[in-house]
J.: 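The structure is given below, and queries will be raised subsequently.
The figures that follow rest on heavy atoms only: side chains count, while hydrogens, waters and symmetry mates do not. A, B, ... follow the sequence lines: proteins, then strands. Residue 1 opens every chain. All values derive from a computational prediction rather than experimental measurement.
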Amino acid sequence: MKCEKYLELISLYLDKELDQMLIDDLEEHLSLCARCLALFHTMEKTVSLSRTYYKQRHCKVPRNVSSQIFYHLRIIYKKEKF
Amino acid sequence: MEQKSKALAVLKENELIERAKNKDHAAFEELVKRNQARIYNLGLKLLGNKEDAADLLQETFINAYYALPKFEGKSAFSTWLYRIATNNAFMKMRKKKIPLVRFESDRDASEQKNFTDVPDWSNDPRAHLKNEELKILLEKSVDALPGKYKTIFVLHDIEGFSTEEISKMLDLSVPAVKSRIHRSRMFLRDKLSQYFQSHAGHGAKL
(Lines give C-alpha, C1' and ligand atoms only; values in the text may rest on other atoms or scores of the structure.)
Protein backbone atom coordinates (compact mmCIF):
# COMPACT_ATOMS: atom_id res chain seq x y z
CA MET A 1 0.00 0.00 0.00
CA LYS A 2 1.28 3.44 -0.93
CA CYS A 3 1.24 4.94 2.55
CA GLU A 4 3.78 7.64 1.65
CA LYS A 5 1.26 9.55 -0.40
CA TYR A 6 -0.97 9.91 2.67
CA LEU A 7 1.73 11.36 4.94
CA GLU A 8 1.31 15.04 4.10
CA LEU A 9 -2.44 14.59 3.69
CA ILE A 10 -2.63 13.64 7.37
CA SER A 11 -1.26 17.04 8.33
CA LEU A 12 -3.67 18.83 6.00
CA TYR A 13 -6.55 16.71 7.33
CA LEU A 14 -5.71 17.81 10.88
CA ASP A 15 -5.92 21.42 9.70
CA LYS A 16 -9.20 20.81 7.82
CA GLU A 17 -7.49 21.91 4.63
CA LEU A 18 -8.42 18.94 2.43
CA ASP A 19 -11.22 18.89 -0.08
CA GLN A 20 -13.89 16.24 0.22
CA MET A 21 -12.48 13.85 -2.38
CA LEU A 22 -9.15 13.62 -0.57
CA ILE A 23 -10.89 13.38 2.82
CA ASP A 24 -12.83 10.33 1.59
CA ASP A 25 -9.67 8.80 0.15
CA LEU A 26 -7.67 9.39 3.35
CA GLU A 27 -10.45 8.23 5.70
CA GLU A 28 -10.79 5.02 3.74
CA HIS A 29 -7.05 4.49 3.97
CA LEU A 30 -7.02 5.21 7.73
CA SER A 31 -9.76 2.63 8.26
CA LEU A 32 -7.54 -0.01 6.62
CA CYS A 33 -4.02 0.98 7.70
CA ALA A 34 -3.13 0.78 11.41
CA ARG A 35 0.26 2.44 10.85
CA CYS A 36 -1.20 5.55 9.25
CA LEU A 37 -3.96 5.67 11.85
CA ALA A 38 -1.30 5.56 14.60
CA LEU A 39 0.59 8.30 12.80
CA PHE A 40 -2.57 10.42 12.62
CA HIS A 41 -3.35 9.96 16.34
CA THR A 42 0.20 10.63 17.51
CA MET A 43 0.60 13.66 15.26
CA GLU A 44 -2.67 15.10 16.57
CA LYS A 45 -1.49 14.45 20.13
CA THR A 46 1.91 16.06 19.43
CA VAL A 47 0.20 19.24 18.23
CA SER A 48 -2.27 19.38 21.13
CA LEU A 49 0.47 18.76 23.74
CA SER A 50 2.64 21.49 22.21
CA ARG A 51 -0.21 23.98 22.07
CA THR A 52 -1.25 23.37 25.67
CA TYR A 53 2.32 23.39 26.94
CA TYR A 54 3.16 26.78 25.45
CA LYS A 55 -0.18 28.26 26.53
CA GLN A 56 0.60 27.28 30.11
CA ARG A 57 4.02 28.93 29.81
CA HIS A 58 2.69 32.28 28.62
CA CYS A 59 4.23 34.98 30.80
CA LYS A 60 3.92 38.70 31.40
CA VAL A 61 6.56 41.10 30.14
CA PRO A 62 8.83 41.96 33.11
CA ARG A 63 8.33 45.59 34.14
CA ASN A 64 12.00 46.54 33.58
CA VAL A 65 11.92 45.07 30.07
CA SER A 66 8.83 47.06 29.20
CA SER A 67 10.30 50.27 30.68
CA GLN A 68 13.39 49.86 28.49
CA ILE A 69 11.26 50.07 25.34
CA PHE A 70 9.64 53.32 26.47
CA TYR A 71 13.01 54.70 27.58
CA HIS A 72 14.51 54.04 24.13
CA LEU A 73 11.48 55.41 22.34
CA ARG A 74 11.76 58.66 24.30
CA ILE A 75 15.40 59.00 23.27
CA ILE A 76 14.27 58.62 19.64
CA TYR A 77 11.51 61.24 20.07
CA LYS A 78 14.07 63.70 21.46
CA LYS A 79 16.47 63.07 18.56
CA GLU A 80 13.64 63.64 16.10
CA LYS A 81 12.90 67.05 17.63
CA PHE A 82 16.33 68.35 16.77
CA MET B 1 -0.76 62.16 30.97
CA GLU B 2 -2.59 59.57 33.12
CA GLN B 3 -5.93 60.76 31.74
CA LYS B 4 -4.62 60.71 28.19
CA SER B 5 -3.49 57.08 28.49
CA LYS B 6 -6.90 56.13 29.90
CA ALA B 7 -8.56 57.81 26.94
CA LEU B 8 -6.24 56.01 24.50
CA ALA B 9 -6.92 52.67 26.13
CA VAL B 10 -10.49 52.70 24.80
CA LEU B 11 -9.54 53.60 21.22
CA LYS B 12 -9.68 51.02 18.45
CA GLU B 13 -6.41 49.80 17.01
CA ASN B 14 -6.84 51.50 13.62
CA GLU B 15 -7.49 54.85 15.34
CA LEU B 16 -4.31 54.42 17.39
CA ILE B 17 -2.34 53.59 14.25
CA GLU B 18 -3.60 56.74 12.49
CA ARG B 19 -2.69 58.86 15.49
CA ALA B 20 0.71 57.20 15.85
CA LYS B 21 1.42 57.86 12.16
CA ASN B 22 0.77 61.54 12.91
CA LYS B 23 3.49 61.44 15.57
CA ASP B 24 1.17 60.97 18.56
CA HIS B 25 3.75 59.19 20.73
CA ALA B 26 1.24 58.22 23.39
CA ALA B 27 -0.83 56.43 20.75
CA PHE B 28 2.23 54.45 19.60
CA GLU B 29 3.02 53.57 23.20
CA GLU B 30 -0.53 52.28 23.65
CA LEU B 31 0.07 50.00 20.64
CA VAL B 32 3.25 48.77 22.33
CA LYS B 33 1.35 48.05 25.56
CA ARG B 34 -1.33 46.09 23.72
CA ASN B 35 1.07 43.93 21.73
CA GLN B 36 4.19 43.55 23.84
CA ALA B 37 3.18 40.34 25.65
CA ARG B 38 2.59 38.48 22.37
CA ILE B 39 5.93 39.55 20.91
CA TYR B 40 7.83 38.83 24.15
CA ASN B 41 6.34 35.32 24.35
CA LEU B 42 7.09 34.74 20.67
CA GLY B 43 10.72 35.66 21.43
CA LEU B 44 10.83 33.23 24.35
CA LYS B 45 9.61 30.41 22.13
CA LEU B 46 11.85 31.19 19.17
CA LEU B 47 15.03 32.14 21.00
CA GLY B 48 14.65 30.15 24.21
CA ASN B 49 15.82 32.69 26.79
CA LYS B 50 14.62 35.88 28.49
CA GLU B 51 17.56 38.09 27.47
CA ASP B 52 17.15 37.46 23.75
CA ALA B 53 13.35 37.73 24.06
CA ALA B 54 13.76 41.14 25.74
CA ASP B 55 16.16 42.30 23.00
CA LEU B 56 13.82 41.04 20.31
CA LEU B 57 10.90 42.88 21.88
CA GLN B 58 12.77 46.16 22.04
CA GLU B 59 14.18 45.90 18.51
CA THR B 60 10.78 44.97 17.09
CA PHE B 61 9.02 48.04 18.50
CA ILE B 62 11.85 50.40 17.57
CA ASN B 63 11.82 49.02 14.00
CA ALA B 64 8.02 49.27 14.01
CA TYR B 65 8.21 52.92 15.11
CA TYR B 66 10.45 53.81 12.17
CA ALA B 67 8.51 51.65 9.69
CA LEU B 68 5.01 52.75 10.75
CA PRO B 69 4.64 55.42 8.01
CA LYS B 70 4.94 52.54 5.50
CA PHE B 71 2.26 50.41 7.21
CA GLU B 72 -0.69 50.43 4.82
CA GLY B 73 -3.09 48.27 6.79
CA LYS B 74 -3.16 45.51 4.15
CA SER B 75 -2.60 42.99 6.95
CA ALA B 76 -3.55 43.17 10.62
CA PHE B 77 -1.20 45.31 12.71
CA SER B 78 -0.25 42.24 14.79
CA THR B 79 0.66 40.29 11.61
CA TRP B 80 2.84 43.19 10.52
CA LEU B 81 4.55 43.25 13.92
CA TYR B 82 5.13 39.48 13.78
CA ARG B 83 6.77 39.95 10.39
CA ILE B 84 9.23 42.44 11.89
CA ALA B 85 9.75 40.23 14.95
CA THR B 86 10.40 37.03 12.97
CA ASN B 87 12.91 38.82 10.72
CA ASN B 88 14.72 40.05 13.82
CA ALA B 89 14.60 36.54 15.29
CA PHE B 90 16.17 35.08 12.12
CA MET B 91 18.99 37.64 12.35
CA LYS B 92 19.65 36.63 15.95
CA MET B 93 19.61 32.94 15.00
CA ARG B 94 22.10 33.58 12.19
CA LYS B 95 24.41 35.43 14.60
CA LYS B 96 24.27 32.47 16.97
CA LYS B 97 24.89 30.05 14.07
CA ILE B 98 21.57 28.30 14.71
CA PRO B 99 20.65 26.40 11.51
CA LEU B 100 17.63 27.98 9.84
CA VAL B 101 16.62 25.20 7.44
CA ARG B 102 18.96 22.25 7.97
CA PHE B 103 17.70 19.30 10.01
CA GLU B 104 20.01 17.24 12.19
CA SER B 105 19.39 14.22 9.93
CA ASP B 106 18.64 14.26 6.23
CA ARG B 107 15.07 14.27 5.01
CA ASP B 108 14.80 10.81 3.53
CA ALA B 109 16.35 9.03 6.48
CA SER B 110 14.15 10.92 8.92
CA GLU B 111 10.88 10.34 7.08
CA GLN B 112 11.60 6.72 6.36
CA LYS B 113 12.24 6.14 10.04
CA ASN B 114 9.10 8.00 10.99
CA PHE B 115 7.14 5.87 8.73
CA THR B 116 8.37 2.38 9.35
CA ASP B 117 8.14 2.69 13.07
CA VAL B 118 4.91 4.16 14.37
CA PRO B 119 3.75 3.08 17.81
CA ASP B 120 0.45 4.67 18.87
CA TRP B 121 1.25 6.31 22.19
CA SER B 122 -1.57 8.86 22.00
CA ASN B 123 -3.50 7.17 24.81
CA ASP B 124 -0.47 6.39 26.95
CA PRO B 125 -1.11 7.82 30.45
CA ARG B 126 2.35 9.43 30.27
CA ALA B 127 1.30 11.48 27.23
CA HIS B 128 0.20 14.21 29.61
CA LEU B 129 1.64 17.54 30.67
CA LYS B 130 1.79 16.42 34.30
CA ASN B 131 4.68 14.30 33.07
CA GLU B 132 7.69 16.58 33.71
CA GLU B 133 10.01 14.47 31.54
CA LEU B 134 7.68 14.88 28.61
CA LYS B 135 7.50 18.66 29.06
CA ILE B 136 11.30 18.93 29.04
CA LEU B 137 11.49 16.70 25.96
CA LEU B 138 8.81 18.69 24.17
CA GLU B 139 10.62 21.97 24.74
CA LYS B 140 14.00 20.49 23.75
CA SER B 141 12.49 19.02 20.60
CA VAL B 142 10.87 22.31 19.53
CA ASP B 143 14.24 23.98 20.19
CA ALA B 144 15.96 21.37 18.02
CA LEU B 145 13.86 22.32 14.98
CA PRO B 146 15.78 24.43 12.45
CA GLY B 147 14.97 28.13 13.00
CA LYS B 148 12.57 28.65 10.09
CA TYR B 149 10.70 25.40 10.79
CA LYS B 150 10.41 26.26 14.47
CA THR B 151 9.07 29.70 13.56
CA ILE B 152 6.45 28.28 11.20
CA PHE B 153 5.43 25.59 13.69
CA VAL B 154 5.08 28.17 16.49
CA LEU B 155 3.17 30.65 14.30
CA HIS B 156 0.75 28.01 13.01
CA ASP B 157 0.30 25.38 15.69
CA ILE B 158 0.84 27.52 18.79
CA GLU B 159 -0.13 31.07 17.82
CA GLY B 160 -2.90 30.04 15.43
CA PHE B 161 -1.93 32.04 12.32
CA SER B 162 -3.25 30.69 9.02
CA THR B 163 -0.94 29.33 6.33
CA GLU B 164 -1.82 32.37 4.16
CA GLU B 165 -0.88 34.81 6.93
CA ILE B 166 2.42 33.00 7.53
CA SER B 167 3.14 32.94 3.82
CA LYS B 168 2.83 36.74 3.73
CA MET B 169 4.78 37.19 6.96
CA LEU B 170 7.74 35.12 5.79
CA ASP B 171 7.60 35.67 2.00
CA LEU B 172 7.10 31.95 1.36
CA SER B 173 4.55 30.21 -0.85
CA VAL B 174 1.53 28.64 0.87
CA PRO B 175 2.57 25.10 -0.23
CA ALA B 176 6.06 25.71 1.24
CA VAL B 177 4.48 26.79 4.54
CA LYS B 178 2.23 23.71 4.61
CA SER B 179 5.11 21.41 3.84
CA ARG B 180 7.22 22.93 6.63
CA ILE B 181 4.37 22.59 9.12
CA HIS B 182 4.08 18.93 8.20
CA ARG B 183 7.80 18.28 8.47
CA SER B 184 8.03 20.01 11.84
CA ARG B 185 5.17 17.92 13.17
CA MET B 186 6.78 14.72 11.86
CA PHE B 187 10.06 15.68 13.52
CA LEU B 188 8.42 16.44 16.87
CA ARG B 189 6.21 13.37 16.72
CA ASP B 190 9.28 11.25 16.04
CA LYS B 191 11.08 12.69 19.08
CA LEU B 192 8.09 11.93 21.32
CA SER B 193 7.71 8.45 19.79
CA GLN B 194 11.35 7.69 20.63
CA TYR B 195 10.64 8.66 24.24
CA PHE B 196 7.60 6.40 24.52
CA GLN B 197 9.45 3.52 22.86
CA SER B 198 12.51 3.84 25.05
CA HIS B 199 10.30 4.06 28.16
CA ALA B 200 7.97 1.24 27.11
CA GLY B 201 6.84 -0.75 30.13
CA HIS B 202 8.37 1.69 32.65
CA GLY B 203 4.91 2.64 33.90
CA ALA B 204 3.43 6.06 34.34
CA LYS B 205 5.77 8.73 35.69
CA LEU B 206 3.28 11.39 36.60
J.: Could you check, using the six-membered ring where one of them is a Trp, whether A:Tyr77 and B:Tyr65 have ring centers closer than 6.0 angstrom?
T.: yes
J.: Is it the side chain or the backbone of A:Leu14 that comes within 4.5 Å of chain B heavy atoms, both, or neither?
T.: side chain
J.: Side chain, backbone, both or neither: which part of B:Lys50 has a non-hydrogen atom closer than 4.5 Å to chain A?
T.: neither
J.: For A:Leu49, is it the side chain, the backbone, both, or neither that has a heavy atom closer than 4.5 Å to a heavy atom of chain B?
T.: both
J.: Which answer fits A:Glu44, side chain, backbone, both or neither, if we ask what part of it has an atom under 4.5 Å from a heavy atom of chain B?
T.: neither
J.: Would a 4.5 Å heavy-atom cut-off, applied to side chains only, mark B:Leu172 and B:Arg180 as touching?
T.: yes
J.: In terms of relative ring orientation, are B:Trp121 and B:Phe196 parallel, tilted or perpendicular, with 30° and 60° separating the classes?
T.: parallel
J.: For the pair B:Phe71 and B:Trp80, name the ring-plane relationship: parallel under 30°, tilted 30 to 60°, perpendicular over 60°.
T.: tilted
J.: Heavy-atom pairs under 4.5 Å with chain A - which of B:Asp120, B:Leu57, B:Ile39 has more of them than the others?
T.: B:Asp120
J.: When you check the side-chain N and O atoms of B:Glu59 and B:Asn63, is any donor under 3.5 Å from an acceptor?
T.: no
J.: Which one wins on heavy-atom pair count under 4.5 Å against chain A: B:Phe61, B:Tyr40, B:Phe28, B:Tyr66?
T.: B:Tyr40
J.: Side chain from CB out, backbone as N, CA, C, O: work out which of these in A:Ser48 comes under 4.5 Å of a heavy atom of chain B, or both, or neither.
T.: neither
J.: Look at A:Ile10, A:Ile76, A:Leu37 and state which one has the largest set of heavy-atom pairs under 4.5 Å with chain B.
T.: A:Ile76
J.: Between A:Leu73, A:Asp15, A:Leu12, which shows the greatest number of heavy-atom pairs under 4.5 Å with chain B?
T.: A:Asp15
J.: Using only heavy-atom distances, determine whether the side chains of B:Glu159 and B:Tyr82 contain a donor-acceptor pair under 3.5 Å.
T.: yes
J.: Do the non-hydrogen side-chain atoms of A:Arg35 and A:Cys3 ever get within less than 4.5 Å of each other?
T.: yes
J.: Heavy-atom pairs under 4.5 Å with chain A: which of B:Leu188, B:Val142, B:Val154 has the most?
T.: B:Val142
J.: Top residue by heavy-atom pair count (under 4.5 Å) with chain B, among A:Thr46, A:Val65, A:Asn64?
T.: A:Thr46
